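Everything numeric here is computed off the predicted structure, so don't read it as measured data. We name chains A, B, ... by the order of the sequence lines, and we start the count at 1 in each one.
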Amino acid sequence: MSEPIIQTRGLSKEFARDQFKVVALNGADLTVDKGEFVALMGPSGSGKSTLLHLIAAMDRPTSGDINVLGQNLRGLSESAIAKWRNAHIGFVFQSFNLLPVLTALENVELPLKLTKLSKSQRIEHARRALELVGLADRLDHTPRQLSGGQEQRVAIARAIVTDPDLLLADEPTGNLDAVSAREVLTLLGRLNREFGKTVVMVTHDPHAARAASKIRYLDKGALLPEGQQPEDWEVR
Amino acid sequence: MLQHFPLIWKNSVRNKRRSLLTIVSIAASLCLLAVLGVLYHVFFLADAAPEQAQRLIVRNKVSLTNPLPLSYREKIKQVPGVAEVMIYQWFGGTYIDPSNFFARAAIEPEKLLNVYSEYKVPDDQWKAFVADRSGCLLGRKTAERYNLKIGDRVPLIGDIFPVNLTFTVRAIYDAYRDNENLLFHFEYLNESMRTSGQIGRSDLVGTYVIRMTGPEHAASISRAIDDMFRNAPLPTKTETERAFEVSFLAFIGNVKLFMMVISAAITFTILLVAANTMAMSVRERLREVGVLKTLGFTQGGVLSILMGEAIVISLLGGGIGLGLAGLLCRGLSGLPSTFVDMTRFTLTPAVAAGCMAVALVIGVVSSFVPAWNASRRNILEALRVTD
């Protein structure tokens, strides 16, 4: 029996832009089961990144309920959310966002510094995560010494080093060439299949979305029913 | 906080040129601040040396340039608690070149070692000095500086006193402080004044140095002497040797206030420099603040990392500044101790701790506002900032 890991009900997010109110997400009802690999697709401004940020508790919804890993995120304080995010969420950015002053190993070790692990345990975990993404020979390289694809793999290692239940990726292949993008998607697929990680990935690239087991579309802030695409999606 | 030190350290030296310039400016300021602190400590806070605490100086109440009559000596000697009274007449003059500066004074040789017990002179040299009215006693430091040996002639061209005197070095003394004087017989000066027709200036004394039976009598002796001459034509001012030294500073104004104002100005200026650097540094890394918060860092964690960088830079600057100040003080302590005991110019733990505390405050204050604002940023807002 499937176990829902993400449940949103009527989730909305509005922004104020000057004197205008912009509805970025409008009443989204989304359920993601444990072990699923879901791609959120849609045109620019459709609200897919907003939905992902709300799931990661990087932003607060204007209205609606959101329950992730059994936790109602609306009731948590900022510091509780930070701790929760560190323990349960791995986040992969489009632009990698590695800290340039740190080596690959140190970047991956960073989230573990918020845990109670000893220094040697942290190093061991970070090393293993980098081995998993195929960068065992790049431990002491700084981001500047890595290619884009390698940087993204370090970012994925950083996202999985705390062994989170949920992996969220915001356009993870958006800044990569085709070969690197394929490597990253293969890696995300492996993490989903072999390690049981639930993955939610935002993308507007149909090739990338094919790596997912399920695709959900958003259009103009609305999450479309399962199996439905925006009307002119293929044309676009 | 400690576990984030590698990140704090790497961020601190990330922009090497900027960090170096900031560290150098903090180091220069803290060095100056430390030297001022040492000066302040030496002038106003340090205790007198044990021998110094035994001595009082009597001078004319009006000014140091006004003399006292020779007849006061015996009256002062009668005051309870006074163990010895010795004439100390500043001579000044020039030794070969005006830049050759060291204290030259006329004293009473037979009383000298009783009053200045810290002076150590070999017996035979001492006897030769006491026996020769045109002999002089030279501090070891001055003897070495001018390569003067026993038997050498030392000519002094008078300025305050319009007589030229020539001395024979009869003795060289050692002392842990104040070992740079040239001391000679007061009788020789007094006679020279008489024979050169300056009778009106003979039998007058610039200061009397008193050795007390114990430092606890300082207040009562000072009061008794000054009361004794209160209604005399030439009233006196009696003070400890330490206070007498410090009084020289009054010639150049309110030194205490001056030093405090300079210190405050230095601290404020460097605070502005550090604040500007920190504001730039934080602004450049707002995106990373968003990343850190995404990884689970709390506002407090981000704040401590950002402030930690400023504190590291400030403490580094402070440490280097203190090192420079230590070297400067070592250099200053070798200067002539004519008016102030320069051997005391050492960087004390209290001054060093004070300067490091200032460095810490600079680090905290300069970074707090930009770090606080950055740490409060919403994750998405921070991530939207482009490099």
In the structure I gave you, are the side-chain heavy atoms of B/Val35 and B/Leu332 within less than 4.5 Å of one another anywhere? yes
Minimal heavy-atom distance between B/Leu315 and B/Leu360, with the atoms involved, is CD2-N, 4.0 Å
Any donor and acceptor pair, going by atom type alone, linking the side chain of A/Arg74 with main-chain N or O of A/Gly64 inside 3.5 Å? yes
Please report the shortest heavy-atom distance between B/Cys355 and B/Leu30, naming the atom on each side. O-CD1, 3.2 Å
Looking at A/Arg128 and A/Glu124, is any side-chain nitrogen of the basic one under 4.0 Å from a carboxylate oxygen of the acidic one? yes
For chain A and chain B, what donor-acceptor pairs lie under 3.5 Å, backbone included?
{"residue": "A/Arg85", "atom": "NH1", "partner": "B/Lys293", "partner atom": "O", "Å": "2.6"}
{"residue": "A/Asn86", "atom": "ND2", "partner": "B/Leu295", "partner atom": "O", "Å": "2.9"}
{"residue": "A/Ser95", "atom": "OG", "partner": "B/Arg287", "partner atom": "NH2", "Å": "2.7"}
{"residue": "A/Asn97", "atom": "OD1", "partner": "B/Arg287", "partner atom": "NE", "Å": "2.9"}
{"residue": "A/Asn97", "atom": "OD1", "partner": "B/Arg287", "partner atom": "NH2", "Å": "3.4"}
{"residue": "A/Glu106", "atom": "OE1", "partner": "B/Lys10", "partner atom": "NZ", "Å": "2.6"}
{"residue": "A/Glu106", "atom": "OE2", "partner": "B/Lys10", "partner atom": "NZ", "Å": "2.9"}
{"residue": "A/Lys113", "atom": "O", "partner": "B/Gln3", "partner atom": "NE2", "Å": "2.6"}
{"residue": "A/Lys113", "atom": "NZ", "partner": "B/Gln3", "partner atom": "O", "Å": "2.9"}

Taking CZ in A/Phe195 as the centre, count heavy atoms belonging to other residues, nucleotides or ligands within less than 6.0 Å. Is the count above 12? yes
